[in-house]
Engineer: 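Just passing along the structure, written as structure tokens.
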Number of protein chains: 2
Amino acid sequence: MSFEISTVNVNGLRAAARKGFVEWLGSTGADAVCLQEVRAEPGQLPAEAGAPAGWHVVLVPSAAKGRSGVAVYSRAEPDAVRTGFGVEEFAGSGRYVEVDLGAVSVGSLYLPSGEVGTERQEEKERFMAAFLPYLVRRRAEVEAAGRELVVCGDWNIAHREADLKNWRANRRSSGFLPEERAWLSRVFEEVGLVDVVRDLHPGVEGPYSWWSYRGRAFDNDAGWRIDYQVATPGLAARAVKARVERAASHDLRWSDHAPVSVVYGAS
Amino acid sequence: MSFEISTVNVNGLRAAARKGFVEWLGSTGADAVCLQEVRAEPGQLPAEAGAPAGWHVVLVPSAAKGRSGVAVYSRAEPDAVRTGFGVEEFAGSGRYVEVDLGAVSVGSLYLPSGEVGTERQEEKERFMAAFLPYLVRRRAEVEAAGRELVVCGDWNIAHREADLKNWRANRRSSGFLPEERAWLSRVFEEVGLVDVVRDLHPGVEGPYSWWSYRGRAFDNDAGWRIDYQVATPGLAARAVKARVERAASHDLRWSDHAPVSVVYGAS
DNA sequence: CTTATAAGG
DNA sequence: CCTTTTAAG
């Protein structure tokens, strides 16, 4: 049986729920949906967003109110849930959760956004340094058990020039720094995980998954591809279809990111 | 010649301007309009609200950004402008301004709102204690010069039971405390200024000028009369008509207060 | 419930 | 530009 996974940074689930997330969730064919930047605790959400009928919800908020927060919504009940990735500094940061759904472990990642020359960029780099060994370990564990892993989410890094519209102007911008791009290359080349959407669509621009709310970024399609599904090779080989659900108009947007969805065929 | 004065707490002029204040200002027949809670500096306002054609604007913001702020809009250019009332603690608080328009001085007052048991209630009481002597002095000065005075604004006190819908439930609420009501009585009885709207309409409930945004206060007309025109007896005797411009529907509200307007006949 | 603010993105 | 928080009302 095939299954579909979607991932989207909702930029505040309370606001997204008012603007169209609930309708999107009702119409998606996905079996699992990974969310980032929920920016709310379960009790702050309306039931149709926080406990929708037909879905199991695992929500890991940040200890800091109104910040970060990741979730996995799944039609099947998860067999297991793991919160965080075992690094003290990022415990309680609401940036990673992983659920087991049959033979696949599905992670929802919200990698910190940075700003060059600030402490937030240093935090982003510490996160990257801490998360890479976790990926190495998880790949080994998962494959030793005959299972697969996909880490979905907002990785806050565009990998190559084809992954953002204005790459020349952004060579010194956080999210496209050489050291960030090199780190992502290590995830793909050293750890051996696969950028599923790029694997299915080599040699195309984008598809972008984030457009700033500032200026005319959305109208000009001045986007970035920073939301990924990063999978073990065995699972990546089963990916048959990928799409980014870019809103048809500004009025239909309910986040500054768009859902990135992948259909995986039967094993 | 008769003239009309309106007073209204706009609860943030930027928000009010988006919701209907500009249209109201364009349709009013008033010669002078006193505003309270402007909550903006002139440069933060769109021209149609901050510098409308046909009006002279005197705006006194608070030193604290986004707080308080009073203004007088007048069709004639003021002959003089006085800011504050000469008490150090409330200098820069954006709570009082007075302009001279011919033989009448028009003040715009935003008396602090309080909350029982808090420092804000103590500040309200210090303001009251400091403002009363100012009124005494100004009445004497104005009348000695053969002029009149009207202090318009949000006094944040309902005087009598007829001045709020739920007076029993609010006997211990800031805005209807015995000491606040007694202070207003002193303004009327000792200082000898006149509550113009009540003088024209004795023995009626209200008319209320403020309805909380919380709950169903507006729909239930659970209002308070806390916005006043308080005038020297000579001017009060010339008042011929008063009204509160309560919005016809929730959708037409552009503030939690409504304009209180008085027509004064020729002297 | 609504207006501001500030920080975050 | 947008969503949060916090303070104020």
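Naming convention: chains lettered A, B, ... in sequence-line order (proteins, then strands); numbering from 1 in each chain.
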Engineer: On a heavy-atom basis, which atom in Asn156(B) and which in Lys124(B) lie closest, and how many Å separate them?
Structural biologist: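 Closest heavy-atom pair between Asn156(B) and Lys124(B): O-NZ, 2.8 Å.
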Engineer: Starting at CG of Asp154(A) and ending at P of dT3(D), how long is that distance when rounded to a whole Å?
Structural biologist: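 It is 17 Å, rounded to the nearest whole Å.
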Engineer: Name the residue from Val150(A), Val151(A), Asp195(A) that meets the side chain to side chain contact (heavy atoms under 4.5 Å, CB included) definition with Gln229(A).
Structural biologist: Val150(A)
Engineer: Compare side-chain N and O positions of Lys19(B) against OP1 and OP2 of dT3(C) and report whether any pair is under 4.0 Å apart.
Structural biologist: yes
Engineer: For a quick check of understanding: with a heavy-atom distance under 4.0 Å over all strands, which category does Glu115(A) fall into, base, sugar-phosphate or nothing?
Structural biologist: nothing
Engineer: Separation of Glu123(B) atom CD from dG9(D) atom C1', in whole Å?
Structural biologist: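 Distance, rounded to whole Å: 13 Å.
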Engineer: Side chain of Arg18(B): nearest nucleotide among dG9(C), dA4(C), dT4(D)?
Structural biologist: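 When the side chain of Arg18(B) is considered, dA4(C) is the closest of dG9(C), dA4(C), dT4(D).
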Engineer: Strictly below 4.0 Å, N to O, side chains only: are Arg181(A) and Asp163(A) in salt-bridge contact?
Structural biologist: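 Looking at Asp163(A) together with Arg181(A), the answer is no, because their closest N to O distance does not fall below 4.0 Å.
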Engineer: Quickly work out the Trp254(A) CH2 to dT3(D) P distance and round it to whole Å.
Structural biologist: 13 Å
Engineer: Nearest whole Å is fine: how far is dT3(D) P from Phe21(A) CZ?
Structural biologist: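 Result: 15 Å.
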Engineer: Could Arg95(B) and Phe85(B) be counted as a cation-pi pair, given that NZ or CZ must be under 6.0 Å from the ring centre and within 45° of the axis?
Structural biologist: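 Pair Arg95(B)/Phe85(B) does not count as cation-pi.
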Engineer: Could you work out which one of dC2(D), dT5(C), dG9(C) sits closest to the side chain of Tyr110(A)?
Structural biologist: dG9(C)
Engineer: So, do Arg18(A) and Trp254(A) sit near enough that their side-chain heavy atoms are less than 4.5 Å apart?
Structural biologist: no
Engineer: Considering heavy-atom distances to DNA chain D, does Ser113(B) or Gly66(A) have its closest nucleotide positioned more toward the 5' end?
Structural biologist: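 Mapping each residue to its closest nucleotide by heavy atoms, the 5'-most match is Gly66(A).
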Engineer: For the pair made of NZ in Lys65(B) and P in dA8(D), what is the distance, rounded to whole Å?
Structural biologist: 16 Å
Engineer: Checking contacts here: which listed nucleotide (dG9(D), dA4(C), dG9(C)) is nearest the side-chain heavy atoms of Ala15(B)?
Structural biologist: dA4(C)
Engineer: Between dG9(D), dT3(C), dC1(D), which one does the side chain of Asn11(B) approach most closely?
Structural biologist: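 Nearest to the side chain of Asn11(B) among the choices is dT3(C).
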Engineer: Rounded to the Å, how far apart are Leu45(A) CG and dT4(D) C1'?
Structural biologist: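 Rounding to the nearest Å, CG of Leu45(A) and C1' of dT4(D) are 13 Å apart.
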Engineer: Is there, by distance only and without an angle test, a donor paired with an acceptor across the side chain of Arg214(B) and the base of dG9(D) below 3.5 Å?
Structural biologist: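 Such a pair is found, so the answer is yes.
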Engineer: What is the base-pairing partner of dT3(D), counting Watson-Crick and G-U wobble geometry with both distances under 3.5 Å?
Structural biologist: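 Its partner is dA7(C) (Watson-Crick or G-U wobble, both distances under 3.5 Å).
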Engineer: Is any side-chain N or O of Arg120(A) closer than 4.0 Å to OP1 or OP2 of dG8(C)?
Structural biologist: no
Engineer: To the nearest angstrom, how far is Tyr213(A) atom OH from dG8(C) atom P?
Structural biologist: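 Checked: the OH to P distance equals 20 Å.
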Engineer: May I ask you to evaluate whether His257(B) reaches the phosphate of dT2(C), defined as a side-chain N or O under 4.0 Å from OP1 or OP2?
Structural biologist: no
Engineer: Would you kindly give the NE2-to-C1' distance between His250(A) and dC1(D), to the nearest whole Å?
Structural biologist: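 My rounded result for the distance is 9 Å.
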Engineer: Please name the nucleotide paired to dC1(C) by Watson-Crick or G-U wobble geometry with both distances under 3.5 Å, or report none.
Structural biologist: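 Its partner is dG9(D).
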Engineer: Return whichever of Arg216(A) or Ala16(A) has its heavy-atom-nearest nucleotide of DNA chain D closer to the 5' end.
Structural biologist: Arg216(A)
Engineer: Check whether any side-chain nitrogen or oxygen of Arg14(B) sits under 4.0 Å from OP1 or OP2 of dT5(C), and answer yes or no.
Structural biologist: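 Yes, Arg14(B) has a side-chain N/O under 4.0 Å of OP1/OP2 on dT5(C).
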Engineer: Between His159(B) and Phe188(B), is the gap from one ring center to the other below 6.0 Å?
Structural biologist: yes
